[in-house]
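This report refers to the structure that appears directly beneath it.
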Amino acid sequence: MSEVEWGRLKAAELKLLARDNAVAIVPVASIEQHGPHLPTMVDAVLVHEIARRAARRASCKTVVCPVVWSGLAEHHMGFGGTLSLNYPEFFAIIRGICRSLVRQGFGRILLLNGHGGNVAALTVAVNDIAPEFETPIGTATYWLLAAEAFGKILERQNNVRHACEAETSMMLALHPDLVDMSLATDAVGPTGPEVASVIPGGGVHRWQSFVARTSHGVIGDPRTASAEKGEKLLNAAAEAVSGLISTSQFWSLPA
Ligand SMILES: [Zn+2]
């Protein structure tokens, strides 16, 4: 199996990958509280692993950049354990990485997102950076891309929420030593009102802190999490991401 991780490759090998028009995946995450039972690095661990698995499955050459662990997580600050950027700082990091990739000849870049708080920001960043560098740069959030498959695997939720059935399952598959299920028994949320409970149907946005939405930091139900389910979710996400990067029309769409 050939190496897909940027940080494990040598400069000359990366030059060849750029020459061969390899897709560069930039996994983007966040460090924040994940309820009483999970560590703060959940988003970084999961999106990095999904990117690696996707790269190995893809039908085109692919390289996975080191994970960007810093994201937008102001809404988690109230629980502690959270390291957050503001949008201008986040944008500067994403732009700097894309600029470096483009300068080295990478012409297809996917910002693969693993954190809810980054979804809107990455869309805005792509709309700003892609025309500036005249390069196909896309973004995808792994659980939205794999929504259909995730819905079939999960029992208590339709998709990923937070420190929930899905995230806990995937962490049980990858780092069971870092999961304390004895602390998950009462951690089921939301426990506070959310926009969707007041105005159903979507299309409306208001900023809310997690403290206002959940008393313990969890949204979703981690009690039915299992390593087996986690492995299925990781593979379903990897399959969806590899399908996306292997779709040549996605990259050749006129800009
Ligand atoms: Zn997150």
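Excluded from the calculations below are hydrogen atoms, water molecules and symmetry mates; all remaining heavy atoms, backbone and side chain alike, are included. First listed ligand is number 1; within each ligand, the first listed atom is number 1.
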- request: Show your reasoning for whether side chain to side chain contact (heavy atoms under 4.5 Å, CB included) applies to R108 and C60.
  value: CA-CA 11 Å; R108 302 189 291 174; C60 53; 3.9 Å; yes
- request: Inspect the surroundings of CG in N21 and state if more than 12 heavy atoms from other residues, nucleotides or ligands are less than 6.0 Å away.
  value: yes
In [X], the N, O or S atom nearest to the Zn ion (ligand 1) is which?
| X | result |
| --- | --- |
| E32 | OE2 |
| D43 | OD2 |
| H115 | ND1 |

query: Can a salt bridge be assigned to the pair R53 and E231 using a cut-off of 4.0 Å between side-chain N and carboxylate O?
result: yes
query: Between K229 and E165, does at least one N-O distance fall below 4.0 Å, as a salt bridge requires?
result: yes
